[in-house]
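Okay, so here's the structure we're looking at.
For ligands, and for the atoms within them, numbers begin at 1 and follow the listed sequence. Here the structure is a predicted model, which means the values were calculated and not measured.
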Amino acid sequence: MRAVDIIIKKRDGQELSREEIRFFIAGFTDGSITDYQAAAWAMAVLLNGMSAAETTELTLAMAESGETLDLSGVVDLALDKHSTGGVGDKTTLVVEPVLAACGCRVGKMSGRGLGFSGGTLDKLESIPGYRNDLSREEFLKQLKDVGLVLTGQTGDLAPADGKLYALRDVTGTVDSLPLIASSIMSKKIAAGAQRIVLDVKVGLGAFMTSLEAARALAETMVAIAGRAGRKAVALLSDMNQPLGYAVGNALEVKEALDTLRGGGPADFREHCLEVAAHLLILAEVESDLPAARQRAATTLEDGSALERFRVLVQAQGGDVSYVDDPDKLPKAPLIEEVPAPQSGYLSTIHAREIGESAVELGAGRAKKGDPIDHSVGFVVHHKVGDQVEQGQPLFTVHANDPAKLQAAVARVLAAHHWSDRPVEPLPLFYGTVE
Ligand code: URA
């Protein structure tokens with residue numbers, strides 16, 4: 001078999017066999033197939049697509065390209081959640097302790113920010129000392145002893161995806177449904193997940209901007225899970241405006257802590273309860289959604305989810321005094337509240353613009369490995385549909401540099417669009433794919 005023949009076959013729109021996909025991914029992983037061949041192949045996939053069978057084979061080949069984790073013996077059912085990426089999405093920080101407080105053992109490997117979308121690891125590192133680099137042995141021991149782990153990817157899981165993702169990022173081949181679906185699912189399968197909730201974001205601040213594309217991605221990932229002997233449910237959730245109010249690492253940790261204390265923004269709390277409820281059903285802890293939501297909500301009200309988060313931070317070396325007193329979290333030197341320039345109803349709060357502006361403030365990276373500033377970001381004060389009077393606080397910028405602050409004020413003001421007429425609030429969810 002030759003790599004070039006496989007590229008030509010895909011270029012000509014033909015279906016690749018299991019053997020061809022396995023050969024290509026194995027060769028790419030061990031370096032015998034070059035980056036330029038993989039890039040040409042990825043472009044052929046982007047232009048011509050893949051059948052369901054090809055997408056599944058690609059996922060499994062990437063999942064098996066390195067180590068895989070077997071959690072049987074440590075947990076009864078390995079649970080996982082994955083968000084396709086959004087702005088202000090701090091859901092994992094709340095959902096994982098809620099599940100633990102409901103009696104589930106949860107070990108999750110999270111990622112860093114990608115472009116304008118934030119990452120759980122970056123947020124957690126706002127807490128001094130918090131370790132995101134647990135070894136495989138530490139991961140398994142903590143899962144067994146503490147019942148809750150939240151760390152970066154351990155060991156050499158799905159290395160083919162790591163290599164291919166880096167190539168796609170710089171060759172215009174990110175936006176491909178089979179490549180996104182196989183990238184996400186290969187990591188979940190390699191990490192040993194048996195029951196998965198996929199939070200598929202749709203809207204201005206998501207990879208999938210149309211509901212049709214988000215639904216197709218959700219259906220593909222749920223089908224792959226089934227073919228791989230796993231069970232997944234996908235929630236199609238709104239990402240037109242930021243989730244909650246806070247965007248930026250420490251600001252989001254603070255908002256997650258408010259929510260774990262029984263407060264927090266209504267939309268974010270609702271979102272977390274829905275995700276947690278679906279996980280409780282997949283975990284067979286509850287059998288209907290209203291009961292599962294109630295059980296999850298109770299852990300926010302009675303402090304048990306907060307207590308689990310505290311135990312998690314302590315287990316991973318973080319300073320728990322930051323959990324007890326969130327005002328200690330990193331603070332930006334420049335904080336400016338921006339008033340509404342006019343009266344009216346908010347018709348758009350453009351999530352992607354706000355996410356990109358947060359990256360410019362230093363909350364995210366321009367390139368891999370760049371340092372980030374945990375203190376910077378935004379707190380938006382409203383939701384689409386709100387009626388706002390001129391002069392009322394519209395959003396607050398947290399910055400470390402006066403020029404960046406001015407640029408952020410202008411960009412985020414322009415991200416707020418107005419209407420003279422009442423505007424319907426945005427839904428939180430657009431549907432579920434089972
Ligand atoms: N997240 C991933 O892990 N991979 C993609 O391709 C897109 C989002």
Legend entry - Centroid-centroid under 6.0 Å between Phe429 and His271 rings: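 Between Phe429 and His271, the centre distance is under 6.0 Å.
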For [X], take its heavy atoms, then give the atoms of ligand 1 lying under 4.0 Å from any of them.
{"X": "Ser183", "result": "2 (C), 3 (O), 4 (N), 5 (C), 6 (O)"}
{"X": "Phe207", "result": "7 (C), 8 (C)"}
{"X": "Tyr165", "result": "4 (N), 5 (C), 6 (O), 7 (C)"}
{"X": "Arg168", "result": "6 (O)"}

Inset, instruction - Could you pull out all residues at least two apart from Phe24 that satisfy ring pair (Phe, Tyr, Trp, His ring centres under 6.0 Å)? - result: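 Partners of Phe24 by the ring pair (Phe, Tyr, Trp, His ring centres under 6.0 Å) criterion, ordered by chain and then number, come out as Trp41.
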Distance from [atom] to nearest protein heavy atom, with residue and atom:
{"atom": "atom 1 (N) of ligand 1", "value": "Ile184 CG1, 3.7 Å"}
{"atom": "atom 7 (C) of ligand 1", "value": "Ile180 CG2, 3.8 Å"}
{"atom": "atom 3 (O) of ligand 1", "value": "Lys187 NZ, 2.5 Å"}

Legend entry - Quiz item: cation-pi between Lys201 and Phe207, 6.0 Å / 45°: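 Ring-cation test returns no.
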Inset, instruction - Identify whether NZ of Lys or CZ of Arg in Lys383 sits under 6.0 Å from the centre of the six-membered ring of Tyr245 and within 45° of that ring's axis. - result: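 Yes, Lys383 lies over the aromatic ring of Tyr245.
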Inset, instruction - Can you tell me which residue pairs pass the side chain to side chain donor-acceptor pair (under 3.5 Å) test with a partner in residues 110-121, sequence neighbours excluded? - result: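 Side chain to side chain donor-acceptor pair (under 3.5 Å) check on residues 110-121 returns Arg112-Asp122, Arg112-Glu125.
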Legend entry - Polar side-chain atom of Glu96 near backbone of Leu150 as donor-acceptor pair, under 3.5 Å: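 No, Glu96 side chain to Leu150 backbone: no donor-acceptor pair under 3.5 Å.
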